[in-house]
Number of protein chains: 2
Amino acid sequence: MEERQISKAVIKRLPRYYRYLGEILNSGVERISSGELSNKMQVTASQIRQDLNNFGGFGQQGYGYNVKYLHDEIGKILGVDRIHPMIIIGGGNFGHALANYDFEKDGFVTKAIFDVRPELDGTDIRGIPVMMMDRLEDFVSREPVEIAVLTLPKSRVAEVARRLTCCGIRALWNFAHLDLDVPEGVVVENVHLSDSLMQLSYRISNYEEEQG
Amino acid sequence: MEERQISKAVIKRLPRYYRYLGEILNSGVERISSGELSNKMQVTASQIRQDLNNFGGFGQQGYGYNVKYLHDEIGKILGVDRIHPMIIIGGGNFGHALANYDFEKDGFVTKAIFDVRPELDGTDIRGIPVMMMDRLEDFVSREPVEIAVLTLPKSRVAEVARRLTCCGIRALWNFAHLDLDVPEGVVVENVHLSDSLMQLSYRISNYEEEQG
DNA sequence: AACTATTTGACAAGAAATTGACAGGGATTT
DNA sequence: AAATCCCTGTCAATTTCTTGTCAAATAGTT
C-alpha cells in the first residue's frame, strides 16, 4: 500500500471534520454536501473536498457525502475505531484531570496511573489503579500499552521518557514544557499549554480581523 | 504604527523561541547566532532570521543575537512582560489543575475560580477564591479581568461565553470541545485535547519518518 | 425516458510559507 | 590599521498549501 505523504495541515483538520460529522450524524442528517459542511465549519468547500480526496473519494456527484459513512471513514483514518490502551505518568492535578476525561468513547482507555508518592499506592481514580513508578517497566512489558501520557514535572520527564521508550512504548502524549528527544519510531505529540496561552496573549495585544 | 500582518505560523513559533532563549539565558550564554539556535531547535537558520525580522532586526552582523535582549523582545511581542488577570470558569479537575499551574511567571495571574457547586463556595485553591457563578458579571465588571479560562462541560460553555463577552471579556481560553461563536473583537484560543490525541493516534497508525 | 439541477474529483492557478544564497556591515585577529 | 572572518537582513527560488474552475457523473424531476 504505497500512499503519498499526507500533509500535517490536513491531519490537523481531520479531528474537526470528525467532530462536526458526529454532531450532524446525531442530529439525524443522512447526507451532506461539501458546500453545506463548508458553511457550518467556516472553511472552503474546495478545501473539504481536497482534504477528503487525500484518502480516496468518499462522495458521489449529485448526492454529496453520506454522513455516517464519511464519519466512520475519518474515524478509521484517525484510528479511533481501535482501542488505544494508555497509561498516565504523574498523578498530580493534571494526571488526575485526564484520568477523568471521557477519551474512552474514542478508544483511548487508561489502564493505570503511575506516581512517586507512596500515599497514592494502591488507590484508584474512577477504577483506574494508581501504582508506584518502580512498577513501570514491569507493567508496560506485560500489558499492551500503546500511549504514555506525561504529566509529570519538567525535571523528571526526560528520564521517564527514556525508560518508557526502552521498554517499548511507541507514543508519548507530552504535557511537559520541554521538547523530548526520542528514538526513531516513537511518536510524540506535545500539548504545550503555556505556548497556547502566549499565543492568546499575542492576539490580545495585536488584535486584528480574524477569519471568523 | 502601521505593521503588516504577521502570519499565524510565525506567531506559533514564537513561544518556542522564547522558551529556548530563556533556557540558554539561564545557562549563562550571552550571545547566540541563528546557526547555533538552529542546531538546538532543529529548524533552519533561515527560518529563525526570517521570523525575527518580521518584528525588526534584533541581531548584528558578525555578532549574532544578544540572548537576553532577544528573549526580552520576544517576551514583549508575546505580551508576557505584562500582567494578564484571568478567571477560571469551572472548578472541576481541569480548572483545579490549571489553577495550580505556574503560569504566573509569564504574567498570567488567576484572580478567581467560578463554579456552580454550592459546597465549593467560599473555599480557595492556593489562595485563589472559588465563587458561585451568579457573581460572575459583578466580579468581571469590578475587577480588571482580561482572560477567561473555560473548563466547564460542553453543554454550558456557549451560554457562559455569551455572558462573559457581554460583560466585557476580550479573550477566551477554551478547553471545551466546541467552536465558540463570539462577537467581533473577542479572541478565542482553543485547546482541543481530543484533537491532539487523535492526531497522535493517526501518527501511530501511519508512522513514517519524522523531521526529528 | 429525457431533461435539469447538483455536486464531486481533478486540475490548474494563485497565495503563502520555507529555504537557499549572498552582499554588506561589524567583530575579531594579526 | 589592515585583513580576515562571521553572521545578519534581504531577496529570490522553491516548495507547499489553498482556492477557483469545470467536465463528468449521479440524483431528482417532468
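Keep in mind that what you see is a predicted model, and the values were worked out from it rather than measured. Order of the sequence lines sets the chain letters (A, B, ...), proteins ahead of strands, with each chain counted from 1.
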Inset, instruction - Round to a whole Å and report the spacing from CD of B:Gln50 to C1' of D:dC11. - result: 9 Å
Inset, instruction - Send over the distance from A:Leu52 CG to C:dG9 P, rounded to a whole Å. - result: 8 Å
Inset, instruction - Return yes if some donor-acceptor pair links the side-chain N/O of B:Arg163 with the main-chain N/O of B:Leu136 below 3.5 Å, else return no. - result: no
Inset, instruction - Figure out the CD1/C1' separation between A:Ile32 and C:dT6, and round it to whole Å. - result: 15 Å
Inset, instruction - Respond yes when some side-chain nitrogen or oxygen of A:Asn53 is under 4.0 Å from OP1 or OP2 of C:dT8, and no when none is. - result: no
Legend entry - Any B:Ser46 side-chain nitrogen or oxygen under 4.0 Å from OP1 or OP2 of C:dG20: no
Legend entry - Length of the CD1-P vector between B:Ile48 and D:dC7, whole Å: 13 Å
Legend entry - Atom-pair distance (CD1 on A:Ile11; P on D:dC17), nearest Å: 11 Å
Inset, instruction - Return the nearest nucleotide to the side chain of B:Gln47; candidates are C:dT19, C:dA10, D:dG9. - result: C:dT19
Inset, instruction - For B:Arg31 and B:Tyr63, indicate whether the former's side chain and the latter's backbone hold a donor-acceptor pair under 3.5 Å. - result: yes
Legend entry - Out of D:dC17, C:dT8, C:dA21, whichever nucleotide has its closest atom nearest the side chain of B:Arg49: C:dA21
Legend entry - Residue A:Gln61, side-chain heavy atoms: nucleotide from D:dT8, C:dT7, D:dT19 that is nearest: C:dT7
Inset, instruction - Respond yes when some side-chain nitrogen or oxygen of B:Ser7 is under 4.0 Å from OP1 or OP2 of C:dA16, and no when none is. - result: no
Legend entry - Check: B:Gly185 main-chain N/O paired with A:Tyr207 side-chain donor or acceptor under 3.5 Å: yes
Inset, instruction - Write down the distance between CD1 (A:Ile6) and P (D:dC17), rounded to a whole number of angstrom. - result: 11 Å
Legend entry - Most 5' of A:Arg31 and A:Ala9 on DNA chain D, judged by nearest nucleotide: A:Ala9
Inset, instruction - Please work out if A:Ser33 contacts a base, only the sugar-phosphate, or nothing of the nucleic acid, heavy-atom cut-off 4.0 Å. - result: sugar-phosphate
Legend entry - B:Tyr63 side chain near D:dC5 phosphate (N/O to OP1/OP2, under 4.0 Å): no
Legend entry - Short side-chain N/O contact from B:Ser34 to OP1 or OP2 of D:dT8, under 4.0 Å: yes
Legend entry - Side chain B:Arg19, main chain A:Ser194, donor-acceptor under 3.5 Å: no
Inset, instruction - Would you indicate, yes or no, if D:dA27 has its OP1 or OP2 atom less than 4.0 angstrom from a side-chain nitrogen or oxygen of A:Gln60? - result: yes
Legend entry - Rounded distance (Å) that lies between atom P of D:dT8 and atom CZ of B:Phe55: 17 Å
Legend entry - Any donor-acceptor pair under 3.5 Å from A:Glu143 side chain to A:Val140 backbone: no
Legend entry - Integer-rounded Å distance: D:dC7 C1' and B:Tyr65 OH: 9 Å
Inset, instruction - Could you say whether A:Val43 or A:Gly62 is positioned toward the 5' end of DNA chain D, judged by the nucleotide with the nearest heavy atom to each? - result: A:Val43
